[in-house]
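What you see is a predicted model, and the numbers here were worked out from it, not measured in a lab. Only this structure's heavy atoms are used, side chains among them; waters, hydrogens and symmetry mates stay out.
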Amino acid sequence: MNTSRRQWLKQSSIAALGLGISLRSLGNEEGLVRNFGQPAGLINLGSNENPYGVSPKAAAMIKDLMGEANRYQYNVASLRSFKKELADHYGISQDQLLITPGSGDGLAHLARYYSNENIVTADPTFGILPGTAESIGSKVIKVPLTTDKVHDLNALMAAINNETSLVYICNPANPSATMLKHDVIKNFCEEVAKKTAVLVDEAYIDYLDAPDNKSLAYLTASNPNIIVIRTFSKIHAMAGLRIGFTIAHPSLIKKLSDSFYMRSQFGCSVLSMGAAMASLKDWDHQKMSKEKNDAARDYTFNELKKMNYLIYPSYTNFLFFKLNNYSGDFTDDMLKKNFLLRSADYADGKWCRVSVGTMDEMKQFVAEM
């Protein structure tokens, strides 16, 4: 079975190279199959998924809605309050929301909407938005992270010019796992918004502690140039159910809805919408997921530090560390040992991004390291 899996990977690698994409993409933007099967003993630490599964309340809701899965979402009475419940949860109005099947679709839509001029972003960052922009011919201005792998806000601000249509910032950051404090990113967004639109990707914000886990959604009610994008894929463990949403000023939401986001909610299933509604209310599951993640992450961080790897504190459900003079293909070598993770070459060397699994999985990872 292991041989077959590796042969599949080798063939896929050849095909990917022919398409000009890399199997080691840190964000899996190319969408290639990653999970080769738990029966083969694979420990999947490659996609920043929540290893603890969906909320029990979400699972119960999925079961309850199975009998209505043959209906379109607008024909299911219990889902008619979905947008209102989501809006109420974040203290915004319904006309500030657009729903998508995962935040990835929203990021791609925004890349297209703002494609008329250049986009400013960090480097490295989560690749869907800048990758989509480049694929359709837009100019992307990439600003390196600081030496501590944090967004360089002064440099990002300086990169904005008269042709900048959007500044994209992922906080907490992917792949570097670092973060900007709430007041810092708030002030930055308010300054950028005086010049152009700014998008904050809050995919991992639920792994932060208060007050830094406060969403910037409240800024969008009065500022048409500030956009926030969220997902149910991380703390809610719904990566396979595909629910995300974009928050913006009602005037911008109307423009987005009339263009690239047209009928975007229609791509979300009855089951995923019901599960999302239930998961929002299950604070115990969110708390459990965060606490277990924190414990396994801190253990792994400390063990890698003991091994003298260059690693900065993580505020997410993954870690980013430098591979000291590693000459081989780390991703492929670890796959042969049944660990799925990501590594890539940057200007300052080769780095690895490893997702935080269960404590048992991270102990196995540490033992292999």
Practice problem: Before giving the answer on ring pair (Phe, Tyr, Trp, His ring centres under 6.0 Å), spell out for Phe245 and Tyr90 the whole-Å C-alpha distance, their side-chain angles and the decisive distance to 0.1 Å. | Solution: CA-CA 12 Å; Phe245 53 101; Tyr90 288 99; 5.4 Å; yes
Quiz item: Passes side-chain hydrogen bond (donor to acceptor under 3.5 Å, both in side chains), Ser93 versus Gln96? Steps please.
Solution: CA-CA 6 Å; Ser93 61; Gln96 287 179 255; 3.1 Å; yes
Self-check item: Any donor-acceptor N/O pair, Lys322 side chain to Asp348 backbone, under 3.5 Å
Solution: yes
Quiz prompt | Leu319 CG to Asp298 CG distance, which is reported to the nearest 0.5 Å | solution = 8.5 Å
Exercise. Answer yes if Leu45 and Leu304 sit in the same cluster of Ile, Leu, Val, Met, Phe, Trp and Tyr residues linked by side chain heavy atoms under 4.5 Å apart, and no otherwise.
Key: yes
Quiz item: Do Lys234 and Glu49 meet the salt-bridge criterion of a basic N to acidic O distance under 4.0 Å?
Solution: no
Quiz item: How are the rings of Phe321 and Tyr309 set relative to one another: parallel (under 30°), tilted (30 to 60°) or perpendicular (over 60°)?
Solution: perpendicular
Practice problem: Provide the closest heavy-atom pair for His151 versus Cys170 in the form atom of the first, atom of the second, distance. | Solution: CE1-O, 3.0 Å
Self-check item: Centroid separation Tyr113 to Tyr261 less than 6.0 Å
Solution: no
Self-check item: Shortest non-hydrogen contact between Gly274 and Leu65, atoms and distance
Solution: CA-CD1, 3.6 Å
Quiz item: Run the side-chain hydrogen bond (donor to acceptor under 3.5 Å, both in side chains) check on Thr331 and Ser343 step by step: do they pass?
Solution: CA-CA 6 Å; Thr331 300; Ser343 64; 2.6 Å; yes
Exercise. Begin from the C-alpha positions of Asp206 and Arg230 and carry the test salt bridge (charged side-chain N to carboxylate O under 4.0 Å, His left out) through to its verdict.
Key: CA-CA 10 Å; Asp206 296 304; Arg230 302 283 302 240; 3.3 Å; yes
Self-check item: Within 6.0 angstrom of Tyr74 OH, more than 12 heavy atoms from elsewhere
Solution: yes
Quiz item: Does Asp332 pair with Lys336 as a salt bridge, N-O distance under 4.0 Å?
Solution: yes
Exercise. Let me see the working for Glu68 and Arg71 under salt bridge (charged side-chain N to carboxylate O under 4.0 Å, His left out), right down to the final yes or no.
Key: CA-CA 6 Å; Glu68 296 187 82; Arg71 304 295 180 189; over 6 Å; no
Practice problem: State whether Glu85 and Arg80 are salt-bridged, where the test is any N-O pair (Lys NZ or Arg NE/NH1/NH2 against Asp/Glu carboxylate O) under 4.0 Å. | Solution: no
Quiz item: Which is it for Ser272 and Ser269 under the side-chain hydrogen bond (donor to acceptor under 3.5 Å, both in side chains) test, yes or no, and what are the steps along the way?
Solution: CA-CA 5 Å; Ser272 57; Ser269 76; 2.9 Å; yes
Quiz item: Honestly, is Lys214 close enough over Tyr218, meaning NZ or CZ under 6.0 Å from the six-membered ring centre and within 45° of the axis?
Solution: yes
Self-check item: Atom pair CG (Asn118) and OG (Ser138), whose distance is rounded to the nearest 0.5 Å
Solution: 9.0 Å
Quiz prompt | Flag, side chain of Glu134 to backbone of Val140, donor-acceptor distance under 3.5 Å | solution = no
Quiz prompt | Considering all heavy atoms, the nearest Thr231-Ser103 contact | solution = CB-OG, 3.6 Å
Quiz prompt | Derivation of the side-chain hydrogen bond (donor to acceptor under 3.5 Å, both in side chains) call for Asp333 and Tyr326 | solution = CA-CA 11 Å; Asp333 290 346; Tyr326 195 87; 2.6 Å; yes
Quiz prompt | Asn317 side chain to Asn48 backbone, donor-acceptor under 3.5 Å | solution = yes
Practice problem: With sequence neighbours excluded, tell me which residues meet side-chain hydrogen bond (donor to acceptor under 3.5 Å, both in side chains) with His236. | Solution: Ser279
Self-check item: Thr246 side chain to Gly106 backbone, donor-acceptor under 3.5 Å
Solution: no
Quiz item: Is any NZ, NE, NH1 or NH2 atom of the basic residue among Arg297 and Asp294 found under 4.0 Å from an Asp or Glu carboxylate oxygen of the other?
Solution: yes
Quiz item: Is there a side-chain contact (heavy atoms from CB on, under 4.5 Å) between Leu216 and Ile185 once you walk through the steps?
Solution: CA-CA 9 Å; Leu216 292 175; Ile185 193 168; 3.9 Å; yes
Quiz item: Do the rings of Trp351 and Tyr312 sit parallel, tilted or perpendicular, given the 30° and 60° boundaries?
Solution: parallel
Quiz item: Quick check: does any side chain N or O of Ser165 sit under 3.5 Å from a backbone N or O of Tyr114, one acting as donor and the other as acceptor?
Solution: yes
Self-check item: Salt bridge present between Asp209 and Lys290 (N-O < 4.0 angstrom)
Solution: yes
Quiz item: Are side-chain heavy atoms of Leu107 and Tyr168 found at a separation under 4.5 Å?
Solution: yes
Self-check item: Shortest non-hydrogen contact between Thr164 and Asn161, atoms and distance
Solution: OG1-N, 3.0 Å
Exercise. Please answer: with hydrophobic residues joined when any side-chain heavy atoms are less than 4.5 Å apart, are Val150 and Tyr315 in the same cluster?
Key: no
Quiz item: Taking the inter-plane angle between the rings of His89 and Trp283 on a 0 to 90° scale, is it parallel (under 30°), tilted (30 to 60°) or perpendicular (over 60°)?
Solution: parallel
Exercise. Specify the closest pair of heavy atoms between Ala111 and Ile136, including all atoms of both residues, with the distance to one decimal.
Key: O-CD1, 4.2 Å
Practice problem: Look at the aromatic rings of Phe318 and Tyr204 and report parallel, tilted or perpendicular, splitting at 30° and 60°. | Solution: perpendicular
Exercise. Nearest 0.5 Å please: distance from the OG1 atom of Thr178 over to the CG atom of Leu145.
Key: 6.5 Å
Quiz item: How many angstroms lie between atom CZ of Phe330 and atom NZ of Lys350, to the nearest 0.5 angstrom?
Solution: 9.5 Å
Quiz item: Quick one: CD on Glu303 to NZ on Lys363, what's the gap to the nearest 0.5 Å?
Solution: 9.5 Å
Practice problem: Look at Glu190 together with Lys194 and state whether they make a salt bridge at an N to O cut-off of under 4.0 Å. | Solution: no
Quiz item: Roughly how far apart are Ile226 CD1 and Leu219 CG, rounded to 0.5 Å?
Solution: 4.5 Å
Practice problem: Locate the shortest heavy-atom distance separating Ile169 from Leu156; write the atom from each residue and the value. | Solution: CD1-CD1, 4.4 Å
Self-check item: Listed partners of Lys84 passing salt bridge (charged side-chain N to carboxylate O under 4.0 Å, His left out), at least two apart
Solution: Asp88
Quiz item: Can any side-chain N or O of Asn44 pair as donor or acceptor with the backbone N or O of Gly46 at less than 3.5 Å?
Solution: yes
